[in-house]
Structure formats: C-alpha cells, structure tokens
Amino acid sequence: MQIHTTNQTISEFKKNRFPEIAHFPKHFVEDRIPIDVRNSYTIREEFSVKGISTLENQPSTIRVKPASGSFSKFSHSQKTLELKPEFCIKGNHNIQLGEVKIIEHPIALQSAFGLYLDFELEKPSFPTFDFCDQIYLEGLEKNLQKIGEVPPITVSKPFAVSWEKGYCILEPDSGDQKLILDHQVSYPGVTVGNSRILTEMTPEIFSYIASARTTAFRPGEEAEKFYRIGLAGGLKDYPFTLENVILLNEEKIFNPREKFTHEGKNYEFLAHELIDILAWLRFVEEEYKGRFVGKMTTFLFDHHKQIDIARFVCDRKEFSEIGIRIL
C-alpha cells in the first residue's frame, strides 16, 4: 500500500479514469427508512433474519440487537469483537472481523443509516441473501431509536492510497456535506466492461439499491454451466442460486431483475459494487463518531484493500498528518 498526498499524483489517477460516466436513474430512490443524517441510531427491539451461511452452507440465524456500547459488535460462538479494523482478517474475498465473515453488507447498511448495532451469528459467516441488505430494512422499519446528534466528518486534505492494481482517493467535503462516490470497474467483454458510476450516496438511494445481489462473473461457457446448475437448484456445497447472485459473463446477464433495468441498461452490478465499497467507511465513522462526507474515488477496490485503508485511517497516530476534520 502506498500513500500519496501530492495534487499531481492524485490528478494523474483521476485523469486516467474512464470518460463515460453512468448515473442512477432519478427514480432509484426509496424513502422507506426516514432518518435525519445529523443523528446516529440503533434499534428499539431486537429482530432476527434467517438464511444459509455463505461459507458453511448451513441454515443460520442472525440476531440483530440494539447497540450495547460505543462501537457496534459482532458475536459468534460466545466470542465478541467491536467493529474495529485492527480485528480484521484477510481470508476469503470479504471483510472478516475475527471469526465473523462477510460483514461488508451489514456495515454498509450501518453507514448508510448511521446505525450502531450488535450482530450475533449462529454460524460464522453471513448469508448471501436473495435481496442482499433489503432483508434488514424490514426489521428497521418503525424500529429505530435515536442515539443522538453526530457531526459530519471529512478528511483534512486529499490523499490517495494505491496498490499494485487499484486505488482509493478521499477528498474533503466541498461544502454541501454530501457523500459522493465515483467508482469504476473493468471486466472483459461488454456486459460490464469499463464501467464508471458517479452518485451521491443518501439513505434514500441506498434503500433502493439495498436489494442488489452479489455478482457472480464467470467467463464464457462457464457462466452457461452455472446457469444450468442454478436452474437445477444450485450448487451442493455452496448456497448459490439464481436468486441470490447476479450471474453474468462477457456478453450477457443471465438473470436480470427488472427493478434495476432502465432504458436498456441494467444497474444492478454497479449498485452492488457501491454497497461493497461503502462498507469500510463504517469503521471510520465509528472510530471518529461522526458521519463521513466528502468524495471517494475508487478503482479495483476489493475487500482486502478496504481493510488496508480502514486500518490506516483509523490509526489516529499514523493518520494524524492527513487527519479527520469535524465540520
């Protein structure tokens, strides 16, 4: 991981981004969980969600509980960890906190709504739900409890973190106290290809895209094989179905959902990408006790890179030269 603070280097990254930019259609909003972004929240009453744990492929119940401390907590097998990047482990392609795997979807939800929650898992990995984070929205409706006001926070000056492939740029709030995401991906073929999306991330937009499924990109005939497996009921050793992933290859999406299609373009892939890249900001918000605003520009920004940058930004001593500013 390399850290860059010069305007010239940051400008070079931005200059080489794809020129064609996608934007979500205007109707991609849903005022389902009305909140005041100046506040943080928890829930009044515990609720549970059920699914098939992704890495164990076994039925599992997740108990979502009111926050019991100043950090959210994740528990499994009587072991509990606070949501701090120092406890993260780089294992499979996910954000893993101690033994608890695939936390990126619930913590993205927490970031979108300013939620402090405790999660208790029956199995060590979260399920891959048919509608991703939408399953949690049902438990949040009319169940939020305001904790108190939190300040908007941003970075004191622009910086970039880069790896052999990919980077993340954070820039200070421009004065309107919005979180702007500028994300791009590069895949073979034309289904996704070189795609870039720019959007403000609001609770209303997140509510709409919360159901965007995890992507399963498989090249050529391999995707055709997975599609036949999906039609036959899915894999035996992994909870893959045509309902809980969006399956695509270089040429087509095999199981598109109409909700994410507008004027011939399907946005579900990019919507789920935004859920994934939003996740790590929750570590920052809980460490500094605020709501992050500013601009995040990303490319090839996988979950292990998100662990890297979360550890850097949340290390108050190491990050002090750049710094977090309270607005």
Side-chain angles (χ1 to χ4, degrees), residues 1-2 49 51-64 71-111 117-129 132-133 135-136 161-168 183 185 187 212-218 226 234-241 244-246 272-287 298-315 318:
M1 186 178 83
Q2 294 185 308
V49 296
I52 305 297
S53 62
T54 302
L55 300 180
E56 299 79 28
N57 195 24
Q58 295 178 2
S60 182
T61 298
I62 295 92
R63 296 173 63 191
V64 186
F71 286 83
S72 297
K73 297 185 179 73
F74 289 75
S75 303
H76 169 257
S77 189
Q78 298 183 330
K79 295 180 181 179
T80 300
L81 289 174
E82 293 180 324
L83 186 63
K84 298 181 179 181
E86 63 201 71
F87 300 134
C88 285
I89 295 171
K90 294 182 181 180
N92 289 313
H93 180 59
N94 70 97
I95 300 180
Q96 180 176 339
L97 189 77
E99 294 182 355
V100 180
K101 306 171 183 71
I102 316 180
I103 71 166
E104 54 268 18
H105 301 155
I107 66 174
L109 173 94
Q110 291 179 261
S111 184
L117 299 170
D118 290 355
F119 294 88
E120 185 176 301
L121 281 72
E122 191 174 11
K123 302 297 179 183
S125 64
F126 277 88
T128 302
F129 292 113
C132 195
D133 276 342
I135 193 168
Y136 300 108
V161 177
S162 68
W163 296 264
E164 182 180 354
K165 295 182 179 179
Y167 55 81
C168 175
H183 180 59
V185 296
Y187 277 75
R213 295 167 289 177
T214 295
T215 298
F217 182 92
R218 295 293 183 272
F226 267 74
L235 297 172
K236 292 181 179 180
D237 57 352
Y238 185 83
F240 155 77
T241 72
N244 65 8
V245 302
I246 175 172
H272 189 84
E273 284 281 309
L274 294 184
I275 295 173
D276 280 348
I277 67 161
L278 175 65
W280 80 274
L281 286 175
R282 189 60 200 167
F283 289 104
V284 179
E285 292 174 327
E286 297 217 1
E287 173 63 31
T298 49
F299 179 48
L300 298 178
F301 188 46
D302 66 31
H303 294 309
H304 289 181
K305 294 182 177 71
Q306 292 167 41
I307 292 173
D308 287 340
I309 191 171
R311 286 173 175 166
F312 172 57
V313 177
C314 291
D315 185 328
E318 186 176 12

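Computed from a predicted structure; not experimentally measured. Side chains are part of it too, since the values below use all heavy atoms of this structure and drop only hydrogens, waters and symmetry mates.
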* With Ile95 as reference, evaluate Glu104, Lys101, His105, Arg282 under the side-chain contact (heavy atoms from CB on, under 4.5 Å) test and give the passing residue. => Glu104
* To do: Could you check whether the rings of Phe74 and Phe119 sit parallel, tilted or perpendicular, using 30° and 60° as the cut-offs?
  => parallel
* Asked: Would His183 and Thr298 satisfy side chain to side chain donor-acceptor pair (under 3.5 Å), going step by step from the backbone distance to the final call?
  -> CA-CA 5 Å; His183 180 59; Thr298 49; 2.7 Å; yes
* To do: Going by the side-chain contact (heavy atoms from CB on, under 4.5 Å) test, name the single residue among Ser72, Ser111, Cys88 that passes it with Phe283.
  => Cys88
* Asked: His303 vs His93 aromatic rings, parallel, tilted or perpendicular, using cut-offs 30° and 60°?
  -> tilted
* Asked: Any ion pair linking Asp302 and Lys305 (charged N to carboxylate O, less than 4.0 Å)?
  -> yes
* To do: List the steps, then state whether side-chain contact (heavy atoms from CB on, under 4.5 Å) holds for Ile277 with Gln306.
  => CA-CA 8 Å; Ile277 67 161; Gln306 292 167 41; 4.3 Å; yes
* Test Thr128 against every option in Leu55, Ile52, Thr54 by the side-chain contact (heavy atoms from CB on, under 4.5 Å) rule and name the one that passes. => Thr54
* For the residue pair Ser60 and Ser53, confirm or rule out a side-chain donor-acceptor distance under 3.5 Å. => no
* Stepwise ring pair (Phe, Tyr, Trp, His ring centres under 6.0 Å) test for Phe301 and Tyr167 -> CA-CA 6 Å; Phe301 188 46; Tyr167 55 81; 9.2 Å; no
* Asked: Does NZ or CZ of Lys84 lie under 6.0 Å from the centre of the six-membered ring of Phe71, at an angle within 45° of the ring axis?
  -> yes
* Asked: Does Asp118 come within less than 4.0 Å of Arg63, counting only side-chain N to carboxylate O?
  -> no
